[in-house]
Amino acid sequence: MRLLAPSLLLVSLFVIGGMVFKTTAPRQCGTILPEDSIFVLTGDVRRIPFAMRQLRNHPKADLYIIGAGMPGSHKMKKQVTIESDSKSTYENALAIKKIVNEKGLDRIVIITTEDHMHRANYLIKQELPVIEIVTCPVPLSDMPVSKRLERWATEYVKYIATMFGIKES
């Protein structure tokens with residue numbers, strides 16, 4: 001007599017993994033130091049306004065807006081740089097790596113939505129294994145529960161794909 005069919009076992013592991021994925025995501029912004037370099041990954045309307053609020057609280061920090069969708073790289077004002085060539089989270093990680101190497105940074109702050117933080121952090125850490133990464137998640141609390149669940153599920157699937165080496169998901 002079989003207690004668990006393989007398909008039920010896989011579904012159970014997927015659901016449990018999703019619960020772990022969601023519950024272990026950072027909820028609070030780590031400590032941003034006065035002269036940190038803050039990288040915000042675009043893709044959600046909440047991220048840039050959240051990053052600008054962080055910049056107001058840390059006026060000596062540099063802000064890099066990664067994947068903005070404008071051609072080229074632009075400086076908005078002294079401490080804000082826009083990178084527009086990257087179109088995916090993996091390309092964002094490569095753009096961040098280039099800036100980190102050019103600037104000689106050893107510590108960075110990453111801003112993205114809480115559902116996206118695991119995958120973004122993983123991909124950046126793969127490209128910059130010796131850099132200290134401080135996470136600063138943008139909450140999704142102003143979103144309907146069904147939409148939040150859909151976003152978490154999508155990011156969880158993308159994270160699993162990333163773990164299997166599929167970086168351009």
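- To the nearest 0.5 angstrom, I38 atom CD1 is 6.5 Å from Q54 atom CD.
- Within the model, atoms CG of L149 and CE of M143 stand 11.5 Å from one another, a figure rounded to the nearest 0.5 Å.
- Within a 6.0 Å radius of CG in N101, other residues, nucleotides and ligands contribute more than 12 heavy atoms.
- Remark: side-chain polar atoms of N92 are paired, donor with acceptor, to backbone N or O of S88 under 3.5 angstrom.
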Per-pair distances, 0.1 Å, donor-acceptor, side chain in residues 46-53, under 3.5 Å, sequence neighbours excluded:
unit_1	atom_1	unit_2	atom_2	d
R46	NE	D142	OD1	3.0
R46	NH1	D44	OD1	3.0
R46	NH1	D44	OD2	2.9
R47	NE	T112	OG1	3.4
R47	NH1	L41	O	3.1
R47	NH1	T42	O	2.8
R47	NH1	T112	OG1	3.4
R47	NH2	T112	OG1	3.4
R47	NH2	T113	OG1	2.9

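- One finds the NE2 atom of H116 at 6.5 Å from the NZ atom of K158 (value rounded to the nearest 0.5 Å).
- Atom CD1 of I111 is separated from atom OG1 of T135 by 10.5 Å, given to the nearest 0.5 angstrom.
- Residues V11 and L13 form no side-chain contact, since every pair of their non-hydrogen atoms from C-beta on lies 4.5 Å or further apart.
- Shortest non-hydrogen contact noted between V157 and F14 is CG2-CZ, 3.9 Å.
- Rounded to the nearest 0.5 Å, atoms OH (Y122) and CE (M163) are 3.5 Å apart.
- No hydrogens or angles considered: a donor-acceptor pair under 3.5 Å links the side chains of T24 and H118.
- In terms of heavy-atom proximity, R148 sits nearest to S141 at NH1-O, 3.5 Å.
- Between F39 and the choices I124, I133, I110, T81, the side chain to side chain contact (heavy atoms under 4.5 Å, CB included) rule is met once, by I110.
- The two residues C136 and V109 have their closest heavy-atom pair at CB-CG1, 4.0 Å.
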Side chain to side chain contact (heavy atoms under 4.5 Å, CB included) between E127 and L94: does it pass, once the steps are laid out? CA-CA 7 Å; E127 296 302 319; L94 295 176; 3.4 Å; yes

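- Hydrophobic clustering, with ILVMFWY side chains joined whenever heavy atoms are under 4.5 angstrom apart, groups F21 together with F164.
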Which pairs of donor and acceptor atoms, one on a side chain in residues 25-37, lie under 3.5 Å apart (sequence neighbours left out)?
unit_1	atom_1	unit_2	atom_2	d
R27	NH1	E114	OE1	3.2
R27	NH2	K22	O	2.9
D36	OD1	R107	NE	2.8
D36	OD2	L33	N	2.7
D36	OD2	R107	NE	3.1
D36	OD2	R107	NH2	3.0

- Item | CA sep, side-chain torsions, deciding dist, call: E91, E168, side chain to side chain contact (heavy atoms under 4.5 Å, CB included) | CA-CA 8 Å; E91 289 179 9; E168 290 288 345; 3.9 Å; yes

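- When side chains are defined from C-beta on, D62 counts as touching Y64, because their heavy atoms get closer than 4.5 Å.
- Side chains of L140 and R151 form a contact here, defined as non-hydrogen atoms less than 4.5 Å apart.
- Separation of atoms NZ (K167) and OG1 (T162) is listed at 9.5 Å; rounding is to 0.5 Å.
- Not a single donor-acceptor pair under 3.5 Å links the side chain of Y159 to the backbone N or O of R119.
- Judged purely by atom type and a 3.5 angstrom limit, K125 uses its side chain to pair as donor or acceptor with the backbone of I131.
- Residues I66 and V40 have side chains not in contact (no heavy-atom distance under 4.5 Å, counting atoms from C-beta outward).
- Shown here is K98, whose NZ atom has no more than 12 heavy atoms of other residues, nucleotides or ligands within 6.0 Å.
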